[in-house]
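Chain letters run A, B, ... following the sequence lines, proteins first and then strands; every chain starts at 1.
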Number of protein chains: 2
Amino acid sequence: MMKIGSAVEALAALAQETRLSIFRLLVQAGQQGIAAGVLGEKLGIPPATLSFHLKTLAHAGLVKSRTEGRFVIYSADFSAMDKLIAYLTEHCCAGDASRCAPVKKC
Amino acid sequence: MMKIGSAVEALAALAQETRLSIFRLLVQAGQQGIAAGVLGEKLGIPPATLSFHLKTLAHAGLVKSRTEGRFVIYSADFSAMDKLIAYLTEHCCAGDASRCAPVKKC
DNA sequence: TCTACGTTTCCAATATTATAGAAATGTTAA
DNA sequence: TTAACATTTCTATAATATTGGAAACGTAGA
């Protein structure tokens with residue numbers, strides 16, 4: 001079971017326009033991921049700022065990185081995303097099962 | 001379709017331990033909701049602080065309130081929660097359908 | 001080895017957010 | 001109407017986050 005501290009950290013990481021944009025690009029890219037430089041170019045943010053935000057997302061457990069040559073490839077951690085969503089909706093709608101339809105993830 | 005600004009606002013509202021606790025209590029309470037005073041008592045936070053956080057959650061669209069006598073009853077806005085989750089997971093796992101199993105909401 | 005390039009760290013200025021006491025507001029019951 | 005109670009607004013202080021330039025680091029190809 002997720003601890004509240006981890007959930008707050010993950011939510012805080014996502015609660016910032018630049019980081020949310022990064023994360024959504026990575027979610028859409030899937031396991032393949034996107035290189036840091038490509039992200040910076042797509043979003044038009046300077047290297048230092050990008051690095052800061054990626055570090056924040058990685059520390060929150062929402063993204064992983066791997067090195068390929070001199071590129072660092074980032075990708076979303078889908079299991080972390082699922083756990084966060086589960087934490088938010090845990091035991092929801094008690095006594096009102098009609099509101100509890102499954103939500104398709106994508 | 002959700003705008004990024006609304007998503008950031010909702011995530012920021014949830015990215016705070018006190019507010020996340022409030023929201024989860026309200027999610028579990030369902031449509032019935034919980035009075036402001038009861039929330040304050042359950043969580044041990046002073047009235048001014050509670051009011052500040054409830055206002056933040058309400059402004060982000062995550063909670064609704066209704067007045068009953070001299071009590072103000074708060075409840076989670078489940079449709080806002082669903083939209084936020086959909087925004088996060090939108091177009092996820094492109095080209096890797098195996099990771100896209102439906103997630104049950106509760 | 002040397003050079004080029006992608007990425008990260010360091011740092012300082014600026015902006016935003018959390019907290020809670022005290023006072024104000026609004027509602028109910030007597 | 002008056003007194004009691006629930007909740008919100010006002011206000012100031014303290015803590016935390018964002019930004020990007022400059023410099024450092026590490027990898028790859030010549």
Which residues pass the side-chain hydrogen bond (donor to acceptor under 3.5 Å, both in side chains) test with B:Glu9, sequence neighbours left out? B:His59
Answer yes or no: does a side-chain N or O of B:His53 lie under 4.0 Å from OP1 or OP2 of C:dT19? yes
Shortest non-hydrogen contact between B:Ile22 and B:Leu50, atoms and distance: CD1-CD1, 3.7 Å
Whole-Å gap separating P (D:dA6) and CG (B:Leu39): 14 Å
Would you kindly give the CD1-to-P distance between A:Ile45 and D:dG21, to the nearest whole Å? 13 Å
Is a donor on one side and an acceptor on the other found under 3.5 Å between the side chain of A:Arg24 and the backbone of B:Cys92? no
Extract all donor-acceptor atom pairs below 3.5 Å that involve side chains of residues 66-74 of chain B and protein atoms in other chains or at least two apart in sequence.
residue	atom	partner	partner atom	Å
B:Arg66	NE	B:Glu68	OE2	3.0
B:Arg66	NH1	B:Gln32	O	3.4
B:Arg66	NH2	B:Gln32	O	2.8
B:Arg66	NH2	B:Glu68	OE2	3.4

At a heavy-atom distance below 4.0 Å, what parts of residues 56-77 of chain A sit against DNA chain D? A:Gly69, A:Arg70
Note: B:Ala7 and A:Leu20 closest approach over all heavy atoms is CB-CD2, 3.8 Å
Surrounding NZ of B:Lys83 (heavy atoms of other residues, nucleotides or ligands, distance under 6.0 Å), is the total greater than 12? no
Across the strands shown, which category fits A:Ala48 at heavy-atom distances under 4.0 angstrom: base, sugar-phosphate, nothing? base
Can you find a side chain N or O atom of A:Thr49 that sits less than 4.0 Å from OP1 or OP2 on D:dG20? yes
Any idea which heavy atoms bring A:Ala36 and A:Leu54 closest together, and the distance? CB-CD1, 4.2 Å
Rounded to whole angstrom units, what separation is found between the CD atom of A:Glu9 and the P atom of D:dA17? 10 Å
For A:Leu50 and C:dT9, give me the distance from atom CG to atom C1', rounded to whole Å. 14 Å
B:Glu41 has an atom CD; how far is it from atom C1' of D:dT7, in whole Å? 14 Å
For the pair made of CD1 in B:Ile22 and P in D:dT7, what is the distance, rounded to whole Å? 13 Å
From CD of B:Glu17 over to P of D:dA15, roughly how many Å is that when rounded to an integer? 18 Å
Separation of D:dT8 atom P from B:Phe52 atom CZ, nearest Å, is 14 Å
Presence of A:Gln16 side-chain N/O under 4.0 Å of D:dT19 phosphate oxygens OP1/OP2: yes
Specify the residue among A:Pro47 and A:Arg19 whose closest nucleotide of DNA chain D lies further upstream toward the 5′ end. A:Arg19
